Amino acid sequence: MLEDSFGRRVDYLRLSVTDRCDLRCSYCMPEGFKGYEESENWLSFDEIERLLSVFARLGLKRIRLTGGEPLLRKNLPDLARQLAALPGIDDLSLSTNGTQLAKHAASLHKAGVTRLNVSLDSLDRARVRAICRRDALPQVLDGLEVARSEGFRLIKINMVALAGTTDEDITSMVTYCMERGFVLRLIETMPVGATGRDAGFLDLRPVRERLRERFGLVDGVIPGGGPARYLVSSDGGFQIGFITPISQHFCETCNRVRLGVDGMLHMCLGQNDCVDFRTPLRADCSDAELEDKLRAALHAIRTTYYSTAMNLTCISRQPFQT
Ligand code: SAM
Ligand code: SF4
């Protein structure tokens with residue numbers, strides 16, 4: 001079992017399958033961004049499968065496919081099928097901006113993806129265009145309808161709350177999700193990189209209290225150990241989570257690491273350090289060497305991050321790295 005010395009178990013991996021994206025959300029990517037990873041440096045599907053099979057033997061249980069925009073990676077359902085079949089992996093999910101979802105929902109579901117997170121920051125077409133710098137709303141809504149009819153176990157809408165997000169934007173999204181059985185999550189912008197820092201921050205704590213009152217919501221717990229704090233409707237039919245890395249940090253319960261498309265394992269979203277797995281994979285290393293490297297990465301690096309965060313009581317008070 002992969003555990004750091006503070007007793008946090010790492011059983012969840014966010015796997016970036018591409019760094020490319022068809023949108024340019026203001027809080028995530030600069031408008032003219034071009035610095036993509038060369039394709040020869042992308043881990044192949046077989047390299048990913050090998051590394052994650054070792055990881056799964058050490059206790060990895062859940063994998064989320066993400067990006068960039070993961071649906072831009074060619075033949076993604078093939079990778080999903082490979083990962084869903086790994087012994088020990090009991091949950092395969094996908095985070096997407098939804099622009100290509102209508103086309104791929106059925107093949108992904110068939111390949112073993114059971115849960116979807118779809119990013120959608122507003123139901124107002126002009127506002128989506130302003131935030132994503134593309135006219136994406138019609139395709140995203142279309143993709144969501146196709147995914148709904150496909151019968152995914154769970155669909156969550158991730159809505160980043162920016163400085164200009166109004167109560168009206170949020171209320172419309174609550175109603176939209178209630179009507180469709182989607183779980184809604186509101187996310188505070190994280191100051192990751194220059195774009196994240198410039199995005200503008202909205203403290204979600206007062207928003208949560210207003211929504212609690214308006215919709216008669218009560219505190220709820222959703223299993224899974226994620227960072228969101230939930231409110232639920234009295235009949236349990238609607239759930240809304242608040243991801244508040246800035247106003248209320250969650251380092252103590254963090255259970256996840258991130259693998260970049262280039263094979264770099266990132267231990268913490270708020271730090272730059274990472275460990276290279278592409279080089280050993282391409283140098284024919286043994287599974288035992290991969291295991292040792294995974295253990296060392298998690299033990300040594302996460303411990304440093306965690307104590308730093310705890311010393312400061314809140315990771316968000318540190319200057320985030322680019
Ligand atoms: N392209 C996919 C998408 O948008 O869902 C997957 C990758 S995206 C980086 C994953 C999530 O990170 C999205 O929900 C997005 O809204 C969120 N995100 C990106 N930059 C962020 C920031 N600076 N602060 C908070 N959330 C951010
Ligand atoms: Fe692309 Fe997702 Fe970043 Fe938006 S948040 S630019 S959709 S990777």
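Numbering starts at 1 and runs along the sequence shown. Each ligand, and each atom within it, is numbered from 1 in the order the structure gives. Everything quoted here is computed from the prediction, not taken from an experiment.
Proximity to G68 (heavy-atom distance under 4.0 Å) selects the following atoms of ligand 2: 8 (S). The atoms of ligand 1 that sit less than 4.0 Å from any heavy atom of E188 are 25 (C). Of all the atoms in ligand 1, the ones that sit under 4.0 Å from a non-hydrogen atom of T189 are 24 (N), 25 (C). Heavy-atom proximity to E69, at under 4.0 Å, picks out these atoms of ligand 1: 1 (N), 2 (C). Near T66, the atoms of ligand 1 lying under 4.0 angstrom from a non-hydrogen atom of the residue are 6 (C), 7 (C). The contact set between ligand 1 and N158, taken as ligand atoms under 4.0 Å from a residue heavy atom, comprises 14 (O). Within ligand 1, counting atoms from 1 as listed, the ones closer than 4.0 Å to a heavy atom of T96 are 2 (C), 3 (C), 5 (O).
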Q. Yes or no on side-chain hydrogen bond (donor to acceptor under 3.5 Å, both in side chains) for T96 and E69, after CA distance, side-chain angles and deciding distance?
A. CA-CA 6 Å; T96 173; E69 174 44 44; 2.8 Å; yes
Q: With side-chain hydrogen bond (donor to acceptor under 3.5 Å, both in side chains) as the test, would you mind laying out the steps for T99 and N97 before giving the verdict?
A: CA-CA 6 Å; T99 59; N97 64 27; 3.0 Å; yes
Q. Given the rule in the side-chain hydrogen bond (donor to acceptor under 3.5 Å, both in side chains) test, do R127 and T165 qualify, once you have shown the distances and angles that lead to the verdict?
A. CA-CA 9 Å; R127 183 157 168 78; T165 302; 3.2 Å; yes
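With a 4.0 Å cut-off on non-hydrogen atoms, V118 does not touch ligand 1 at all.
Going from atom CG of L86 over to atom CD1 of I48 covers 11.0 Å, rounded to the nearest 0.5 Å. The CG atom of D124 sits 8.0 Å away from atom CG of L137, with the distance rounded to the nearest 0.5 Å. Note: R229 CZ to L186 CG = 14.0 Å, rounded to the nearest 0.5 Å.
For R212, the CZ atom sits in a packed shell: over 12 heavy atoms of surrounding residues, nucleotides or ligands are nearer than 6.0 Å.
Each of R64, K61, R153 was compared with D91 under the salt bridge (Lys or Arg N to Asp or Glu O under 4.0 Å) criterion, and only R153 meets it.
Taking backbone and side chain together, C21 holds an N, O or S atom under 2.8 Å from atom 1 (Fe) of ligand 2.
When the heavy atoms of V160, T99, L94, D22 are ranked by distance to atom 16 (O) of ligand 1, first place goes to V160. When C28, A136, S95 are checked for heavy-atom proximity to atom 3 (Fe) of ligand 2, C28 turns out nearest.
No N or O atom of N117 sits closer than 3.5 Å to an N or O atom of ligand 1. Considering both main-chain and side-chain atoms, S95 never comes within under 3.5 Å of ligand 1 through any nitrogen or oxygen pair. For the pair D121 and ligand 1, the shortest N or O to N or O distance does not fall below 3.5 Å. In terms of polar-atom proximity, defined here as any N/O pair under 3.5 Å, R14 makes no such contact with ligand 1.
Look at G67 and you'll find every heavy atom at least 4.0 Å from all atoms of ligand 2. Residue G68 places a heavy atom less than 4.0 Å from ligand 1. Heavy atoms of C21 come nearer than 4.0 angstrom to ligand 1 in no pair at all.
With respect to the salt-bridge test (charged N to carboxylate O, under 4.0 angstrom), the residues K110 and E150 do not qualify.
Side-chain atoms of E47 come within 3.5 Å of backbone N or O of S44 as a donor-acceptor pair.
A cation-pi geometry, defined here as NZ or CZ lying under 6.0 Å from the six-membered ring centre and within 45° of its normal, holds between R208 and F242.
The protein atom (non-hydrogen) at minimum distance from atom 4 (Fe) of ligand 2 is C25 SG, 2.3 Å.
For E289 and S286, the side-chain atoms include at least one donor-acceptor pair closer than 3.5 Å.
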